Structure formats: structure tokens, C-alpha cells
Number of protein chains: 2
Amino acid sequence: MADDPASGLEAGLLADLRRVARHPAARGLIDDAAVLGWPLGQDLVATHDMLAEGVHFTPGCPPADIGWKLVAVNLSDLAAMGARPIGVLMGAGIGTGRDADWASALVKGVAQALERFGVALLGGDTIRSGPTSVLALTALGSVPPGDAIGRIGASAGDELWVSGTIGDAGLGLRVALADGFGASDAALLKRYRRPVPRLGLGIALRGVASAGMDVSDGLLIDAGRLAAASGLGVEIRSRAIPLSEAALATGVPAAVLAALGDDYELVFAAPADRRSAVQAAADGAGVRVSRIGQLVADTGVRLDGGVPDRLGFEHR
Amino acid sequence: MADDPASGLEAGLLADLRRVARHPAARGLIDDAAVLGWPLGQDLVATHDMLAEGVHFTPGCPPADIGWKLVAVNLSDLAAMGARPIGVLMGAGIGTGRDADWASALVKGVAQALERFGVALLGGDTIRSGPTSVLALTALGSVPPGDAIGRIGASAGDELWVSGTIGDAGLGLRVALADGFGASDAALLKRYRRPVPRLGLGIALRGVASAGMDVSDGLLIDAGRLAAASGLGVEIRSRAIPLSEAALATGVPAAVLAALGDDYELVFAAPADRRSAVQAAADGAGVRVSRIGQLVADTGVRLDGGVPDRLGFEHR
């Protein structure tokens with residue numbers, strides 16, 4: 001943790017963080033680093049994602065939701081690898097236009113997500129980042145040696161699965177941008193602002209999925225990346241893509257919803273003879289999974305036999 | 001690591017990072033997270049510091065120096081705890097005004113520091129951060145259980161030590177701000193832009209130092225924090241503060257140099273009967289250490305019996 005600021009926003013932020021960082025490894029955020037007894041014989045799984053104002057969240061987004069999402073998107077990366085989350089380090093770069101209340105609400109959202117998913121705040125840094133806020137988080141988890149699920153490992157003929165429902169968060173973003181929504185849209189907005197990482201499913205899929213990742217940029221593009229990592233292509237049936245009641249009610253086609261992104265569901269491959277093992281893993285985790293296609297030798301993404309107009313969000 | 005961008009600056013940055021991230025734990029930056037076999041029975045030490053343009057570095061600072069410093073300041077936190085560094089995750093938030101060459105040079109500086117200190121790039125994220133650049137880094141290290149050096153643990157009567165020389169980096173900052181310097185100033189500028197974490201000394205001080213931390217905001221304020229963590233105060237002799245030839249040549253008093261900060265030296269306490277053990281640790285690490293004062297029961301910082309005008313940099 002950074003040194004104690006004498007006063008002002010950073011001091012308040014540090015006091016807030018100290019109330020959250022109760023795990024002994026955080027050492028009360030007094031020391032220069034956290035010290036954590038590591039579970040014997042377990043591999044360490046580590047990921048780091050940033051969220052920037054104006055890029056990953058709108059200036060008007062409630063700060064508690066930003067804090068939640070910062071934790072959730074990183075834990076989703078751990079879930080994709082089949083890792084059990086242990087702790088996080090947070091980098092809070094607070095923009096010059098933000099006040100202590102905004103920073104405090106941000107930490108509240110972080111704390112809510114950490115409590116929900118049973119993860120410790122181990123340390124971090126609080127700075128003034130310039131004109132806009134830039135947030136960073138490192139999530140640490142454990143996995144038994146050799147059990148991590150990677151993007152590489154699928155074979156042609158493996159079936160393609162996805163968890164939960166697709167497109168809700170992308171629709172929720174549209175709700176947020178329009179800045180007005182009715183009762184049924186609140187659920188979509190929540191899917192966008194408060195994603196739930198599929199941690200239990202990821203752990204249950206160890207030894208079952210041949211390859212996997214989380215869906216952040218859109219189901220189609222991410223399924224294509226999963227296949228490409230193994231030198232394969234993927235065929236997807238649009239009618240098999242799982243949609244929520246709220247998404248169905250919008251009338252937006254599945255092919256469009258599958259290109260929206262921000263779902264933080266898991267997309268994964270498994271041999272056809274593990275179909276019941278996949279279902280058992282999902283049942284155990286209490287998560288719906290849907291079989292939406294298969295991995296094939298021909299590279300590229302095909303939806304209902306054709307090439308989709310748009311796969312999803314590409315970083316430029 | 002983030003998903004593969006299709007083109008542009010982020011794609012080039014990811015390609016650069018892939019050339020650096022050759023450790024198998026990084027999995028070629030293909031997966032959502034790194035997977036690292038953890039050294040059996042060792043505790044994990046984790047720290048996270050951010051650097052923001054206009055706050056921690058000037059817009060005109062050479063990007064390779066920024067990359068070096070990003071690594072060095074985080075490794076300095078590991079050094080302070082007596083940890084052995086293993087790997088880092090980097091969050092590169094590139095400002096809109098920066099081009100691919102700037103980002104590439106940034107990564108080059110990161111790579112130079114990682115190679116110099118024998119540390120692996122495990123993963124991270126590359127984003128467009130808004131108007132200014134904001135960089136984040138998480139450093140992971142190991143320490144035998146119970147051996148970590150913390151800020152708490154000093155006793156009244158312990159002697160206060162500091163490594164290296166004090167004030168060079170602070171003078172180097174003045175050189176950078178004036179944007180012109182002669183031959184003798186180049187060494188000071190280098191101390192500011194390319195700090196060297198005292199990793200070997202930190203490890204050697206396990207079981208020797210009763211408490212310690214690194215000097216980032218200024219020797220006086222940081223020594224005060226070290227003492228305060230144990231409920232103590234500190235008395236420092238200005239004539240004992242170690243100064244380089246270049247610093248002496250400026251004629252700036254030691255009391256001023258000790259309030260400048262950015263030194264990234266280690267300040268630590270040790271019982272008087274461990275004086276020879278401290279010296280042996282320093283000799284083994286090839287680092288000069290100086291005995292500059294002692295921990296006392298009366299709280300606060302006293303320099304030559306008086307209270308200094310200014311202790312160092314306080315975050316506001």
C-alpha cells in the first residue's frame with residue numbers, strides 16, 4: 001500500500017480501504033506489500049485488468065457499480081481458468097473531477113463484490129490519475145497443478161458450450177446510454193453494471209472442459225478466439241444461443257446479441273462424450289449451460305452455416 | 001492478458017509484451033490469466049503501485065525511463081519486505097496523445113528493468129486510458145514464512161540505518177524540471193529516472209532488521225513513519241546522512257536532501273547488538289549502509305535535536 005497521505009481525498013480513500021482489508025495478509029495496509037501464506041502445492045493464477053473512464057465506463061456510471069465491475073471482470077478471468085479466487089490488489093486512479101464521496105462509493109462497490117465472492121482485499125495504491133479516472137485490479141487465485149483451463153486444448157469435434165444467457169449486458173449498456181428505462185430493463189442494466197463471474201462453474205469444469213475463456217467482447221468473436229487458439233474454427237447455431245426473457249422481449253436477433261459483449265459468461269469446449277459431465281458440473285454450480293455448436297477443422301466463425309456480419313467488439 | 005486487438009497501438013503493444021513475456025507462466029499472453037507454480041512453503045508477497053502522467057512523471061519524460069521506474073518502484077516495495085521478486089503484471093493505460101513508438105519504448109524500459117533484476121512478465125492489460133497515461137504494476141515475490149520485514153517491530157533504542165546515498169534522485173528531479181544539465185548532473189538524473197531497488201540488501205536483512213521500509217517520499221518523513229508504526233519516534237543526525245559526491249557538490253544541506261524523496265533506498269531499524277550483522281548483510285549485498293540515528297520512545301522526528309521545517313512529500 002502507498003504511504004499514508006496527510007489529508008484529503010487519498011486519506012479518506014485509504015481509511016475506507018483499511019475497513020475492507022481485514023484479512024491478516026493485508027497487514028492493515030500499513031506495510032509496503034501484502035504477505036500471504038500460499039496454499040501448499042497449489043499453482044498461483046494471476047490476472048490484471050483495467051477500467052478507464054470514458055472507455056470502459058461512462059462518466060455518469062454510479063461509482064459503486066464501477067467498483068463492483070472492476071472486481072467482477074477480473075474474477076471472471078480467474079473463473080475462465082478454473083481458479084479459486086483468493087485476493088486482489090486495487091489501483092485506484094481517481095480523476096481530478098471526482099470528490100471523496102465518489103471515491104468512497106467506488107470502494108463500497110469493490111467491498112460488496114469482494115464480500116459476495118469471498119475474496120480478500122490485500123493491498124493496492126491510491127493516486128490522483130489526471131483528468132479522468134483509471135482503475136486497475138490484480139486478482140490472485142489458486143488451482144491444483146495441471147488443472148488450469150486454458151484457451152488452447154480443444155479438438156475438432158468438441159462441442160461448444162456457453163453459460164447463462166447472452167446479450168443481456170449488451171442490452172443493458174444501451175439502457176445506460178439512453179439514460180432511461182422501465183421495470184423490465186432494470187434487470188438488463190444490472191447485468192451490464194453488476195456482472196457475476198462464473199466462479200463455481202469454472203472450478204467445476206476442471207478436467208471436464210478441454211478449453212475455455214470468458215465472454216467479454218461478444219460470444220461470436222470470443223468463441224472464434226477460443227477455436228483459433230487451438231488452430232480450429234467454430235460453428236454456432238443461433239437458435240441454440242441462450243437468451244433471457246428480457247432479451248427475447250426486445251426482439252433483437254440472437255446473432256446481434258451474440259456480438260454485443262460484456263456478458264462475462266464462460267464459453268468452453270468439451271468432447272461429446274463428456275456431455276453428462278458438463279451438465280453435472282453446471283448443476284453442481286447452479287448455473288445453466290447450453291450446447292451451442294462445435295469446434296471444426298476449418299478456421300473462422302460460422303453462424304447457421306454463414307459468416308456473421310459482425311463478431312463483436314475489437315480493441316483498436 | 002486482454003484479448004487480441006485487431007490492429008493499431010494496442011496490437012503493437014501486445015506484440016511487444018509477448019516478446020518480453022517468455023516465462024512459461026505467462027502462457028504466451030494467450031490466456032485470461034498467468035499460471036505459476038508457487039515455490040513450496042514460501043509466503044507470497046504482493047504489491048501494486050501506479051504512476052500517472054503529470055503526477056508521477058512529466059509528459060516529456062523518456063518513456064523507457066517511465067517503464068523502468070514502474071518496475072523499480074514496485075520491486076523496491078518487495079525489497080523493503082525482504083522478498084525475492086518473481087514476476088509482475090503490468091497495466092498499460094496509454095493516453096490518447098501517445099503513439100505506438102512511445103508505447104513500444106515504454107515496454108522496452110519495462111523489459112530492461114525486468115531483465116536487470118531477473119523478474120518475469122506474467123501478464124497484464126493494455127488499454128487507452130483517456131487524455132493522459134496511467135500505468136499500473138503488480139509485483140509478486142516470495143519470502144520464507146515469518147521472515148518478511150514489516151514497518152512494525154522496532155524497539156526504543158534500536159539504531160536507524162539507511163542504504164546508499166540520499167537526495168540524489170530528488171536533485172535529479174530538479175535537473176529534469178530545468179531540462180538542462182551538465183556531465184555531473186547526468187548521474188543525479190539517472191538516480192531519479194532509473195532507481196535501483198535494494199533487492200539483495202532486503203533479502204540479506206531478513207532476521208537482522210527489526211523493521212524497515214523503502215524511502216519514497218523523503219528520508220525524514222519515511223523514517224518518521226517507520227518509527228510511528230511501532231509507536232515510537234526517531235532521532236536523526238544530519239551529519240550521518242550519506243550523501244554522494246554529486247550531491248555534496250551542489251551545497252544543498254543534508255536536512256533538505258533528506259526531505260526530497262524518490263531515493264528508493266531502504267531505511268530500517270536494528271538492535272545495537274546486531275550492528276555487525278547489519279554490516280555483514282550490507283557487505284554481502286554490495287551496498288553501503290549508514291547508521292544515521294536511533295528509535296526513541298518520544299514520538300515525532302527530531303533532526304540534530306530539533307524538529308525539521310519540512311519532512312518530505314505528503315500525498316494530498
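In what follows, every chain begins at residue 1, and chains take the letters A, B, ... in the order their sequences are listed. Bear in mind that the values here come from a model prediction, so they are computed numbers and not experimental data.
- No part of B:Ala139 comes within reach of chain A, as not one of its non-hydrogen atoms sits under 4.5 angstrom from that chain.
- When heavy atoms are compared at a cutoff of 4.5 Å, A:Val55 approaches chain B solely by way of its side chain, counted from C-beta outward.
- Of all the listed residues (B:Ser129, B:Pro145, B:Ala148), the one sharing the greatest number of non-hydrogen pairs under 4.5 Å with chain A is B:Ser129.
- The backbone N or O of A:Arg151 sits less than 3.5 Å from a side-chain atom of B:Asp31, completing a donor-acceptor pair.
- Within the model, atoms CG of B:Leu89 and CG of A:Leu137 stand 11.0 Å from one another, a figure rounded to the nearest 0.5 Å.
- In this structure, CE on A:Met50 lies 5.0 Å from CE on B:Met50, to the nearest 0.5 angstrom.
- When heavy atoms are compared at a cutoff of 4.5 Å, B:Val143 approaches chain A solely by way of its side chain, counted from C-beta outward.
- Atom CG of A:Leu44 sits about 5.5 Å away from atom CG of B:Leu44, to the nearest 0.5 Å.
- Within the 3.5 Å criterion, the main-chain N or O of A:Asp32 finds a donor-acceptor partner in the side chain of B:Thr47.
- Here the straight-line distance linking atom CG of A:Leu36 with atom CD of B:Gln42 works out to 13.0 Å at 0.5 Å rounding.
- A:Leu122 does not touch chain B: none of its heavy atoms, backbone or side chain, sits under 4.5 Å away.
- More than 12 heavy-atom neighbours from other residues, nucleotides or ligands sit within 6.0 angstrom of CZ on A:Arg98.
- With a threshold of 4.5 angstrom between heavy atoms, A:Met81 approaches chain B through side-chain atoms but not through N, CA, C or O.
- Neither the backbone nor the side chain of A:Ala83 comes within less than 4.5 Å of any heavy atom in chain B.
- The OG1 atom of B:Thr126 sits 10.0 Å away from atom CG of A:Asp49, with the distance rounded to the nearest 0.5 Å.
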